Q: 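Just dropping this structure here.
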Amino acid sequence: MKQFNYICLMALLLVSASASSASKSKSATKSKPNILWIMSDDHTANTISSYQMRFAEALKTPNIDRLANEGALLNNCFVTNSICTPSRATIMTGQYGHKNGVYTLWDDLRVEDETIATLLQKNGYETAMIGKWHLHTQPQGFDYYSVLPGQGLYHNPVFKESGTKWTKGKEGKEYEGYVTDVITDNSLKWLDERKGEEPFFLMLHHKAPHGLWEYAERHAHLFENETIPEPKSLYEDKSHRSEGSKAFGRDMLNLSQRMYDGKRGKDYPTGKLNIEGMSDKERIAAAYQKYMKDYLRVVTAIDENVGRVLDYLDENGLAENTIVVYTSDQGMFLGEHSYYDKRWMYDESLKMPFLIRKADEIKAGTQCDDMVTNLDFAELILDYAEVKIPESMQGRSFRTNLVGKTARDWPTSMYYHYWMHFQPSAVPAHFGVRTHDYKLIFYYGRGLGLNGTTEGWESPLGWELYDLKNDPYELNNLYGQKSYKQITESLKEELQNLQEQYEVNINHFPELEKVINENWNN
């Protein structure tokens, strides 16, 4: 009997210890912050009013601005390859495209690769991906996903849902309504229905404001009687540019013709532009006004829906323990250099908006001027989630930067590489280095046999150098000027150092290696 009582006592002690351990484990998990990652597509910082840039008066974004007012705004956040799929792959993996295999728009994210989602899921987070995915393969590391096939539709969109067979086609479940509203609806529904036992990681990815800028019907007359201010470089004389860039790019004159000819059916999605009898300058001006009004209307819907999500967090007691990020997968040209689209290393395309709120840590109204890239995003999130950052990741967490404690060895330069030498986009392949004060770009103009690049198209080679302090709009290429010789040599040395640091596989491409060797000192 004594032996039986002893065994019972020990069993009770073990159960109690186990329960205590489970309770501590659960408590530790619950103390971790929720993470809400809101990302749009092609949204430039120019059209977020808290950035106080040229559209600050034309468009107000009060809901996105809340994150700047209540948290931090990054002034020098850059993309490492300004095109959707490669940028998203870098955000997920913390690696450059030459490491994760996503060089171009047509490359797939490997399903076996470790990502922020797989790591957070393994470490106690309930995870979801809702909206634009655009990485082709089935999303991994998510307890739930509902993603647009490819670019997706603006109106009555179709979504591929977890629990159904994954295909690369356009099959899926159709939702009635405007895509930005639907993505938000589905995200709030997921938040409502989750168990609530574990912290959540929700990637809420908007399709907007990607072209062709189909706005919600409720915004059809927004900005109708306004004239949107033109950028200084809308009619830029590109004679200062190198041969590698000056004759290329998706420009506003081209866009005016697309708007006139129609696209996706009888008319341009938001109405045909009548440019008959106009001069080239008049066509550019007309296309710019239409483009900007369509774009700003689409951005307005994003801001409204960010407000819905922030209100939900407030109303459900989640705001204090939820980190909220708003960013885009890259920047975007809004008439600067007479361009629309992205891809180039010029700042309008290179700069990303990034706003973050963490109520218990980041001081309200913080502005961070340190240089950050999308290579660093995954590491930041893992740092907040107290998850070990894999050695395979190439960036660094900037958590301490956001509270004013910048490491002495924090990078003061960044490496950019656009690999997708695709003739219809009219943007030649190039790489370069940007510091706080200067930018050096080399256009090598070769596809190198990469997925989706244009075989046989070889564009001219060229170097460009910009003094960003004296020429922030990049309207004066200084490459080859004697007074900038020392700066040029220093930047080339930094460029080589960055390529070595990030293990850019130049020697894997004999054609590129040959071009570099022959033109490095030109």
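Side chains included, hydrogens not; waters and symmetry mates left out as well; all remaining heavy atoms used. These numbers come from a predicted model, not from an experiment.
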Q: So do Leu313 and Leu36 actually touch side chain to side chain, heavy atoms under 4.5 Å?
A: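 Yes; the side chains approach each other to less than 4.5 Å.
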Q: What are the two closest heavy atoms between Trp344 and Ser82, and how far apart are they?
A: O-CB, 4.4 Å
Q: Under the salt bridge (charged side-chain N to carboxylate O under 4.0 Å, His left out) rule, collect the residues that match up with Asp369, sequence neighbours excluded.
A: none
Q: Is Tyr473 atom OH crowded by more than 12 heavy atoms from other residues, nucleotides or ligands, each under 6.0 Å away?
A: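 No, the 6.0 Å shell around OH holds no more than 12 heavy atoms from other groups.
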Q: Please answer whether the main-chain N or O of Lys405 pairs with a side-chain N or O of Thr400 as donor and acceptor at a distance below 3.5 Å.
A: yes
Q: So, for Phe159 and Tyr145, is the gap between ring centers shorter than 6.0 Å?
A: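 That pair fails the under 6.0 Å test.
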Q: So how far is it from Ser245 OG to Ile441 CD1, rounded to the nearest 0.5 Å?
A: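 If we round to the nearest 0.5 Å, Ser245:OG and Ile441:CD1 are 7.5 Å apart.
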Q: Using 0.5 Å steps for rounding, measure from the SG atom of Cys368 to the CG atom of Leu73.
A: 9.5 Å
Q: Can a salt bridge be assigned to the pair Lys195 and Asp143 using a cut-off of 4.0 Å between side-chain N and carboxylate O?
A: no
Q: With no hydrogens and no angle check, do the side chains of Tyr415 and Gln499 hold a donor and an acceptor under 3.5 Å apart?
A: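 Note: Tyr415 and Gln499 side chains meet the donor-acceptor criterion.
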Q: Closer than 3.5 angstrom, by distance alone: can the side chain of Thr164 be matched with the main-chain N or O of Glu161 as a donor-acceptor pair?
A: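 Confirmed, Thr164 side chain pairs with Glu161 backbone.
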Q: I would like to know whether Arg434 and Met371 meet side chain to side chain contact (heavy atoms under 4.5 Å, CB included); could you show each step before the answer?
A: CA-CA 10 Å; Arg434 190 199 194 279; Met371 193 168 281; 4.1 Å; yes
Q: What distance separates Ile302 CD1 from Thr61 OG1, expressed to the nearest 0.5 Å?
A: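 One gets 10.5 Å once the value is rounded to the nearest 0.5 Å.
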Q: Is any NZ, NE, NH1 or NH2 atom of the basic residue among Arg194 and Asp192 found under 4.0 Å from an Asp or Glu carboxylate oxygen of the other?
A: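 No, this pair does not count.
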Q: Does the pair Phe398 and Phe354 meet the rule for a ring pair (Phe, Tyr, Trp, His ring centres under 6.0 Å), with working shown?
A: CA-CA 12 Å; Phe398 50 100; Phe354 193 97; 5.6 Å; yes
Q: Can you find a side-chain donor-acceptor pair between Asp113 and Gln140 that sits under 3.5 Å?
A: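 On atom types as modelled, these side chains do not qualify, holding no pair under 3.5 Å.
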Q: For Thr366, which residues count as a side-chain contact (heavy atoms from CB on, under 4.5 Å) partner, sequence neighbours excluded?
A: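 Counting only residues at least two positions away or on another chain, Thr366 forms a side-chain contact (heavy atoms from CB on, under 4.5 Å) with Ala72, Ile362, Lys363.
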Q: Give a yes-or-no answer on whether the side chains of Gln151 and Lys132 include a donor-acceptor pair shorter than 3.5 Å.
A: yes
Q: Sequence neighbours left out, what pairs pass ring pair (Phe, Tyr, Trp, His ring centres under 6.0 Å) with at least one residue falling in residues 302-331?
A: His43-Tyr326
Q: Output yes when Asp341 and Arg343 qualify as a salt bridge under the 4.0 Å nitrogen-oxygen rule, no when they do not.
A: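 So Asp341 pairs with Arg343 through a salt bridge.
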Q: If you take the centroid of each ring, where Trp contributes its six-membered ring, are Tyr103 and His98 closer together than 6.0 Å?
A: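 When the ring centroids of His98 and Tyr103 are compared, they turn out to be at least 6.0 Å apart.
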Q: Run the ring pair (Phe, Tyr, Trp, His ring centres under 6.0 Å) test against Tyr502 and tell me which residues pass, sequence neighbours left out.
A: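 Per chain and number, Tyr502 pairs via ring pair (Phe, Tyr, Trp, His ring centres under 6.0 Å) with Tyr96.
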Q: Which atom names give the shortest non-hydrogen contact between Leu355 and Ala68, and what distance separates them?
A: CD2-CB, 3.6 Å
Q: Could you tell me which residues satisfy ring pair (Phe, Tyr, Trp, His ring centres under 6.0 Å) with Phe55, sequence neighbours excluded, listed by chain and number?
A: none
Q: Using modelled atom types and a 3.5 Å cut-off, is there a donor and acceptor pairing between side-chain atoms of Lys342 and backbone atoms of Gly331?
A: no
Q: Any pair with a residue in residues 419-433 that passes side-chain hydrogen bond (donor to acceptor under 3.5 Å, both in side chains), sequence neighbours left out, goes on the list, sorted by first then second residue, please.
A: none
Q: Residues two or more places apart in sequence or in another chain: which of them pass side-chain contact (heavy atoms from CB on, under 4.5 Å) with Lys189?
A: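 With sequence neighbours excluded, Lys189 shows a side-chain contact (heavy atoms from CB on, under 4.5 Å) to Glu193, given in chain and number order.
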Q: Can you see whether Asp42 engages Gln330 through a side-chain donor-acceptor pair at a distance of less than 3.5 angstrom?
A: yes
Q: Within this structure, what is the CD-OG1 distance for the pair Glu112 and Thr118, rounded to the nearest 0.5 Å?
A: 11.5 Å
Q: Does Asp329 pair with Arg88 as a salt bridge, N-O distance under 4.0 Å?
A: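 Salt bridge flag = yes for Arg88 with Asp329.
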Q: So, are Asp303 and Arg66 salt-bridged, with charged N and O less than 4.0 Å apart?
A: no
Q: Can we say Arg399 and Asp383 salt-bridge, meaning some charged N sits less than 4.0 Å from an Asp/Glu carboxylate O?
A: yes
Q: Quick check against the 3.5 Å criterion: does Asn76 have a side-chain atom that pairs as donor or acceptor with the backbone of Asp370?
A: no
Q: Working to the nearest 0.5 angstrom, can you tell me the gap between Arg357 CZ and Asn69 CG?
A: 11.0 Å
Q: Using modelled atom types and a 3.5 Å cut-off, is there a donor and acceptor pairing between side-chain atoms of Ser187 and backbone atoms of Ile183?
A: yes
Q: Is a salt bridge present between Lys439 and Asp347, judged by a nitrogen-to-oxygen distance below 4.0 Å?
A: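 Salt bridge flag = yes for Asp347 with Lys439.
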Q: Provide the closest heavy-atom pair for Phe377 versus Cys77 in the form atom of the first, atom of the second, distance.
A: CZ-SG, 3.6 Å
Q: For Tyr346 and His337, take the angle between the two ring planes, folded into 0 to 90°, and tell me which bin it lands in: parallel under 30, tilted 30 to 60, perpendicular over 60.
A: tilted
Q: Under 4.0 Å between a side-chain nitrogen and a carboxylate oxygen: does that hold for Lys358 and Glu70?
A: no
Q: Who pairs with Glu379 by side-chain contact (heavy atoms from CB on, under 4.5 Å), at least two apart in sequence or on another chain?
A: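 Expected list: Ile389, Met393, Ser397.
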Q: What's the shortest heavy-atom distance between Leu375 and Gly94, and which atoms?
A: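 Of all heavy-atom pairs spanning Leu375 and Gly94, the closest is CD1-O, 3.5 Å.
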Q: Distance check, rounded to the nearest 0.5 Å: Leu495 atom CG versus Glu500 atom CD?
A: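 One gets 12.0 Å once the value is rounded to the nearest 0.5 Å.
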Q: Between Glu304 and Asn63, do the side chains contain an N or O donor and an N or O acceptor separated by less than 3.5 Å?
A: no
Q: Counting only heavy atoms not in Glu320 (residues, nucleotides, ligands), do more than 12 fall under 6.0 Å from its CD?
A: no
Q: Considering residues at least two apart in sequence or located in another chain, which fulfil the side-chain contact (heavy atoms from CB on, under 4.5 Å) criterion with Ser392?
A: Gln95, Pro390
Q: Kindly write out the residues that satisfy ring pair (Phe, Tyr, Trp, His ring centres under 6.0 Å) with Tyr291, not counting sequence neighbours, or none if the list is empty.
A: Trp213
Q: Hydrogens and angles aside, do Asn305 and Thr180 bring a side-chain donor and acceptor to less than 3.5 Å of each other?
A: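 No, because no side-chain N or O of Asn305 sits under 3.5 Å from a partner of the opposite role on Thr180.
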Q: Salt bridge check, Arg446 against Glu511: does any charged N sit closer than 4.0 Å to a carboxylate O?
A: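 Between Arg446 and Glu511 there is a salt bridge, with a charged N closer than 4.0 Å to a carboxylate O.
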Q: If only atom types and distance count, is the side chain of Ser87 paired as donor or acceptor with the main-chain N or O of Asn81 below 3.5 Å?
A: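 Checking the backbone N and O of Asn81 against the side chain of Ser87, no donor-acceptor pair under 3.5 Å is found.
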Q: Would you please name every residue forming a side chain to side chain donor-acceptor pair (under 3.5 Å) with Glu171, sequence neighbours left out?
A: Thr167
Q: Between Asn123 and Leu119, is there a donor-acceptor pair closer than 3.5 Å when you use the side chain of the first and the backbone of the second?
A: yes
Q: State which residues pass ring pair (Phe, Tyr, Trp, His ring centres under 6.0 Å) with Tyr215; sequence neighbours excluded, sorted by chain then number.
A: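 Per chain and number, Tyr215 pairs via ring pair (Phe, Tyr, Trp, His ring centres under 6.0 Å) with no residue.
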Q: Parallel, tilted or perpendicular for His417 and Phe431, by the 30°/60° rule?
A: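 If you compare the ring of His417 with that of Phe431, the planes turn out tilted.
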Q: With a 4.0 Å cut-off on N to O distance, would you call Arg396 and Asp409 a salt bridge?
A: yes
Q: Verify the ring-centre separation between Tyr125 and Phe200: is it less than 6.0 angstrom?
A: no
Q: Would you say the side-chain atoms of Ser49 and Asp65 include a donor-acceptor pair closer than 3.5 Å?
A: yes
